Colleague: 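Sharing a structure, written as structure tokens. Questions coming.
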Amino acid sequence: MNHMLNQIKKKVVPAKSLQARKDKLVSKVIDLVSRETAKYSQVIGIELGGSFAKGTWLPERADIDIFIKFRTDVSEKEFAEVGKKIGFAALADYMPYVRYAEHPFVEAQIGDTKVNLVPCYAVEEGSWKSSADRSPFHTRFMKQSLTDEMKDQVRILKWFLKCNDIYGAEIAKQGFSGYVAEVLILNFGTFEGVLKAMSCLKCGEVIGKAAKEFDSPIVIIDPIDANRNLGAAISTENLGKLVLLSRAFLRKPSHLFFKPRKPNTFVKSSLRNVLVISFRYKKRSPDVIWGQLKRATASIATQIDQEGFTVLRKSAFVLRDNEAFLLFLLQSPTLHDSKLRVGPDFFVSEYADKFVMSNKKKSVMMWINDDGKICSLQKRPYTSVQSFVRDLLRKNLQSAGISVGLQEDIKKFKITVGDRVKSKSIKEAIAELVSTDEAIFSSN
């Protein structure tokens, strides 16, 4: 294993020439930002942050994060407005644009490098005013705490997470962030140490020293804020993938775990069991739209289940032209035209009478089964999931669990099935939904 990990290390540690080129770009951007911040009394300094500053960046992904530090008495409105003005002026030659986290920040692409100019407050440690305020403290802490070898182990872990599609803390992914990778290496020392810990993880296990109790499948404490659980942002599915990947890798180490993979082979007929809802939405922050899509997907899945159709898996996807897709893998898209309702024991008069009264008009037939339960055979309102979802979104949108902010967009929806989708990107998303990842579920 050591020989293989040394080979991976050579791949994920940037060459000196690339480091020098990035250093030169950082100096240039810092100079541009410094010229602009000097014009504003609200700003008391700037600081290089993120994985580049900490020495844990990957050659494949070398974003540069510069934090613009505001006085704590600056209002949130002024904080956001001045931050954008500085960002657009400093990066004017590189087609800057606004992105959103808790607050807006300015991003631009310079060559093959994304540059983020992020406003934050210059607070004392623990007196956070915005979510970005912790980032400079994260940078300083990791620069002091991680040895050079540990930084390289972080890179190996990040690449492992990335190749297995569980890297990234954004709400669309809900995976493991770069900072979480650093915290895990800090706690367990090496890439192999992290995998050994994950392979025997217990539900609710706490990594780090917590100031209070948390309720999540894994609790990862932020080293600079004992009240913050980094594990809360990680989905149960992605956590499960890391646990099973760790066991599979330790059982049989292979370079295949460090190669980006496409979904494995799937049964083509299963595409017919995928329901696809698509619609266009008005442009908004990625975090906002993804939050709305995930809630909508969960709500519609619940409604489908309650109608008698079984949702096996679900996901959401967006294209750049503001088109959203909600995907549902069903056990079957159709049902028998009748359903069985099993009621109470006939001995329990109160409940038995209520069951009979409420179901007799809807029943094709009623009887008492061998267990003494009153049974009702009824006609289903819907035997096709497409018909049910179409009526749900057309006639019962208010009660469908769709957030108010998405209701206007989803009114102009289209419904199709997986084997009729034309878009290559959506075909790939559907393929992932109906596939088994052999690396995770290997029997070897």
Side-chain angles (χ1 to χ4, degrees), residues 1-27 29-30 47-67 112-116 118 125 132 134-164 166-169 175-198 207-209 220-225 228 230-231 234 242 245-246 249 253 255 257-260:
M1 185 192 293
N2 288 338
H3 176 67
M4 183 185 70
L5 292 180
N6 283 333
Q7 290 180 312
I8 301 299
K9 180 177 171 180
K10 290 177 183 178
K11 176 183 175 65
V12 299
V13 174
K16 289 182 180 179
S17 58
L18 179 58
Q19 179 74 49
R21 183 160 61 86
K22 296 293 184 182
D23 285 339
K24 187 175 180 181
L25 177 59
V26 167
S27 296
V29 175
I30 286 178
E47 187 169 338
L48 179 66
S51 60
F52 187 85
K54 290 178 275 191
T56 61
W57 60 288
L58 292 171
E60 297 270 339
R61 181 172 177 166
D63 295 356
I64 293 172
D65 301 318
I66 295 175
F67 292 87
D112 60 354
T113 304
K114 277 185 180 177
V115 176
N116 300 311
V118 184
E125 185 171 338
R134 295 182 182 87
S135 294
F137 291 90
H138 289 162
T139 301
R140 288 176 228 142
F141 177 83
M142 287 300 174
K143 285 174 72 174
Q144 294 169 2
S145 303
L146 295 174
T147 65
D148 288 344
E149 178 55 33
M150 291 170 81
K151 291 174 184 177
D152 291 343
Q153 293 294 310
V154 170
R155 288 177 162 123
I156 294 172
L157 177 57
K158 283 185 178 182
W159 186 241
F160 180 84
L161 297 170
K162 191 176 179 68
C163 287
N164 290 286
I166 53 175
Y167 182 68
F176 296 79
S177 68
Y179 183 55
V180 165
E182 292 163 359
V183 172
L184 291 175
I185 293 295
L186 187 66
N187 277 275
F188 301 111
T190 63
F191 167 76
E192 188 178 353
V194 171
L195 264 57
K196 285 180 177 177
M198 293 299 104
I207 298 170
K209 295 181 179 179
I220 305 172
I221 301 302
D222 187 336
I224 67 158
D225 186 351
R228 184 172 181 234
L230 302 168
I234 302 167
L242 179 58
L245 281 164
S246 298
F249 180 85
H255 280 280
F257 289 90
F258 291 97
K259 293 180 179 179

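Bear in mind the structure is a predicted one, so any value in this text is a computation, not a measurement. Residue numbers run from 1 in the order of the sequence given.
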Colleague: R140: which residues meet the side chain to side chain donor-acceptor pair (under 3.5 Å) condition with it, sequence neighbours left out?
Modeller: E47
Colleague: List in chain and number order the residues that pass ring pair (Phe, Tyr, Trp, His ring centres under 6.0 Å) with F188, two or more places apart in sequence or in another chain; answer none if no residue qualifies.
Modeller: none
Colleague: Using the test ring pair (Phe, Tyr, Trp, His ring centres under 6.0 Å), find all partners of F67 that sit at least two apart in sequence or belong to another chain.
Modeller: none
Colleague: Of the non-hydrogen atoms in T190 and G193, which two are nearest, and what is the gap between them?
Modeller: OG1-N, 2.8 Å
Colleague: Assess whether side chain to side chain contact (heavy atoms under 4.5 Å, CB included) is satisfied between L48 and I64, documenting all intermediate values.
Modeller: CA-CA 8 Å; L48 179 66; I64 293 172; 3.9 Å; yes
Colleague: For E125, which residues count as a side chain to side chain donor-acceptor pair (under 3.5 Å) partner, sequence neighbours excluded?
Modeller: none
Colleague: I'd like to check I234 versus L242 (side-chain heavy atoms, cut-off strictly below 4.5 Å). Are they in contact?
Modeller: no
Colleague: Is there a side chain to side chain contact (heavy atoms under 4.5 Å, CB included) between L195 and F160 once you walk through the steps?
Modeller: CA-CA 10 Å; L195 264 57; F160 180 84; 4.2 Å; yes
Colleague: Determine whether L245 and I166 make a side-chain contact, defined as any pair of heavy atoms from C-beta on separated by less than 4.5 Å.
Modeller: yes
Colleague: How close do L58 and K162 get, counting heavy atoms only, and between which atoms?
Modeller: CD1-CD, 4.4 Å
Colleague: With a cut-off of 6.0 Å (strictly less than), are more than 12 heavy atoms of other residues, nucleotides or ligands near NE2 of H255?
Modeller: yes
Colleague: Identify, with sequence neighbours excluded, every residue that meets ring pair (Phe, Tyr, Trp, His ring centres under 6.0 Å) alongside F141.
Modeller: none
Colleague: Can you name the residues that form a salt bridge (Lys or Arg N to Asp or Glu O under 4.0 Å) with D23, not counting sequence neighbours?
Modeller: none
Colleague: When you measure from the side chain of W159 to the backbone N and O of F258, does any donor-acceptor pair fall under 3.5 Å?
Modeller: yes
Colleague: Do V183 and N187 touch side chain to side chain, with heavy atoms closer than 4.5 Å?
Modeller: yes
Colleague: The criterion is salt bridge (Lys or Arg N to Asp or Glu O under 4.0 Å); which residues satisfy it with K54, sequence neighbours excluded?
Modeller: E182
Colleague: Measuring from atom OG1 of T139 to atom CD of Q144, what distance do you get when rounded to the nearest 0.5 angstrom?
Modeller: 11.0 Å
Colleague: So which atom in Y179 and which in P223 form the shortest heavy-atom distance, rounded to 0.1 Å?
Modeller: OH-CD, 3.2 Å
Colleague: Set out, in order, the CA-CA distance, both residues' side-chain angles and the distance that settles side chain to side chain contact (heavy atoms under 4.5 Å, CB included) for Q153 and L146, then state yes or no.
Modeller: CA-CA 10 Å; Q153 293 294 310; L146 295 174; over 6 Å; no
Colleague: So, do F191 and F257 have ring centers that fall under 6.0 Å from each other?
Modeller: no
Colleague: Which heavy atom of A53 sits nearest to which heavy atom of G49, and what is that distance?
Modeller: CB-O, 3.5 Å
Colleague: Side chain to side chain donor-acceptor pair (under 3.5 Å) with K9: which residues, sequence neighbours excluded?
Modeller: E149
Colleague: Side-chain contact, heavy-atom cut-off 4.5 Å: D222 with R134?
Modeller: yes
Colleague: How far apart are the closest heavy atoms of A181 and L161, and which atoms are they?
Modeller: CB-CD1, 4.4 Å
Colleague: Name all residues meeting the side chain to side chain donor-acceptor pair (under 3.5 Å) criterion together with D65; count only those two or more places apart in sequence or in a different chain, and write none if there are none.
Modeller: N116
Colleague: Which residues satisfy the side-chain contact (heavy atoms from CB on, under 4.5 Å) test with K22, sequence neighbours excluded?
Modeller: L18, F52, W57, A62, D112, T113
Colleague: Where do G189 and M150 come nearest, in terms of heavy atoms and distance?
Modeller: O-CG, 3.9 Å
Colleague: Under the side chain to side chain contact (heavy atoms under 4.5 Å, CB included) criterion, do I224 and H138 qualify, and how do the steps go?
Modeller: CA-CA 7 Å; I224 67 158; H138 289 162; 3.3 Å; yes
Colleague: Could you give the distance from CG (D152) to CG (N6), rounded to the nearest 0.5 Å?
Modeller: 10.5 Å
Colleague: Hey, what do you get for CZ (R155) to NZ (K158), rounding to the nearest 0.5 Å?
Modeller: 8.0 Å
